2 protein chains.
Amino acid sequence: MKVSTRREDFLQTSLELIHEKGFKATTMRDIAERMGFDVSNSYNYIKSKQDILELFLFRTSAEFHNTMDNILACSYTADEKLKQVISAHIQVAAKKPFEVALMVNEWRNLSEPKYNEYVALRNLYEKKMAKLLREGVQQGVFKEMDVKIATALILSSIRWLYDAYANTKKAMNPIELERQIVGLVLEGVLK
Amino acid sequence: MKVSTRREDFLQTSLELIHEKGFKATTMRDIAERMGFDVSNSYNYIKSKQDILELFLFRTSAEFHNTMDNILACSYTADEKLKQVISAHIQVAAKKPFEVALMVNEWRNLSEPKYNEYVALRNLYEKKMAKLLREGVQQGVFKEMDVKIATALILSSIRWLYDAYANTKKAMNPIELERQIVGLVLEGVLK
DNA sequence: TTCAAATATAAACAATTGTTGACTTAAAAT
DNA sequence: ATTTTAAGTCAACAATTGTTTATATTTGAA
């Protein structure tokens, strides 16, 4: 094992710095300084600044898609599937908060060939969620609703989750977090 | 009437450009070019690039706070208040989608004295929402729940709304939008 | 020991960026 | 008619930025 831990360090440092200052505001010199070496050395680990962004964005996106695909392919009922998706989101957010923060905040900074690719992946994920909801409506387990709106709302409602773990002051209990969020999404706030 | 419409034009152009490219990626030269004049002339309308950001951010924030304060001071029940808040968010998002987009996406680009000010306003707004929810729980109209989590979830769930209006392809009906979102937040997706 | 790969430095580049100062011209108010 | 104000141009600045090239040092394997 151990495949150039130096590169991993460099990428992790990049990730944390980008989370702190934003991608555009983070300079290659910032990253190098925190690593303790000169800027030019950074280019032994990465081809360009854009590549840092691409690497994390597409890797984490693939992880979300994989999980979603597995859940969709199960024989669960739609409400069970939705719970699974929420659960998975919480787990990823808890384990890789900086990667998720990057996905939420920095994807707009991709430049043109990759930007379109990424937006397509994003739309695809939205479509998968919409399919899940439509399934539930047809099964009679979800109420009649505008699936497009519900999709946007539910995905948006779990986008903040990384924040509960990226800013380490608290370290929220994932089990309780899941219980609360599932309760709110499935049954709302009314008694 | 008519108070220097030229300045308004400049600010509106800035706003749209920032929405398209992001604040950091939008240069003063970009804005000037779209206005049809030289960069230097921009500084007859604004003191600095940061000032453009501050102006919109604090102005729109104040609008949200005002509305929230008025709703909180009413004699409505908590569930009615929550509906009012959601309704207000939709109206602002429909009328000023670019301003709202700025609030959602660009507040991190504020620099230090103003950044803290803005974060404080943000936290205050969250506290006001939490108060509304706690009220509802005490009145017995909302179920028992972790108010901190519910606050984050609800606010996050309506953050995407500007997107339904900023990208003009559709121009969604605000009445139906409100019906759907209120239904989902209050009662969830289950039948 | 030798040799190649990994790790690092130093210096410089070309481009971009926010901002300023000195002037000019057009429009409005006195 | 004169003067103030609004609107605009031109040239230049200092700083920052991503990236490259050439070169040196360290390290692990042969």
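In what follows, every chain begins at residue 1, and chains take the letters A, B, ... in the order their sequences are listed. The shown structure was predicted, so the numbers you read here are calculated from the model rather than taken from an experiment.
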For the pair made of CG in A/N44 and C1' in C/dT9, what is the distance, rounded to whole Å? 11 Å
Out of D/dT9, D/dG18, D/dA7, whichever nucleotide has its closest atom nearest the side chain of A/K49: D/dG18
Starting at atom CZ of A/F37, determine the distance to atom P of D/dT23, rounded to an integer number of angstrom. 22 Å
B/N41 has a side chain; which of C/dT19, D/dG8, C/dA8 sits nearest to it? D/dG8
CD1 of B/I46 versus P of C/dT20: gap in Å, rounded? 13 Å
Side chain to side chain contact (heavy atoms under 4.5 Å, CB included) against B/R29, all qualifying residues, sequence neighbours excluded: B/T27, B/V39
Do B/T151 and B/L132 come within less than 4.5 Å of each other through their side chains, counting heavy atoms only? no
B/N105 versus A/R108, side-chain donor and acceptor atoms under 3.5 Å: yes
Are any non-hydrogen side-chain atoms of A/Y165 and A/L177 less than 4.5 angstrom apart? yes
Starting the side chain at C-beta, find the nucleotide from D/dG8, C/dT7, C/dT9 nearest to A/Y45. C/dT7
For C/dA8, take OP1 and OP2 only and decide whether either is under 4.0 Å from a side-chain N or O of A/R6. yes
Could you list the residues that satisfy side chain to side chain donor-acceptor pair (under 3.5 Å) with B/E117, not counting sequence neighbours? none
Measure the distance from CZ on B/R7 to P on D/dT5 and round it to the nearest whole Å. 18 Å
Under a 4.5 Å cut-off applied to non-hydrogen side-chain atoms, are B/L155 and B/E126 in contact? yes
Starting at atom CG of B/D38, determine the distance to atom P of C/dC23, rounded to an integer number of angstrom. 17 Å
Taking D/dA7, D/dT19, C/dG18 as options, the one with an atom nearest any side-chain atom of B/Y43 is C/dG18
From the candidates D/dA11, D/dG8, C/dT19, the one with an atom nearest any side-chain atom of B/S40 is D/dA11
Using heavy atoms and a sub-4.0 Å distance, could you list which residues of residues 20-31 of chain A are near DNA chain D? By number, please. A/T26, A/T27, A/M28, A/R29
I need the CG-P distance between A/D9 and C/dA6, as an integer number of Å. 16 Å
Between atom CD1 in A/I52 and atom C1' in D/dT19, what is the gap in whole Å? 13 Å
When the distance from CE of B/M35 to P of D/dT9 is rounded to whole Å, what number comes out? 11 Å
Determine, for B/K191 against A/E144, whether the closest basic-nitrogen to carboxylate-oxygen distance falls under 4.0 angstrom. no
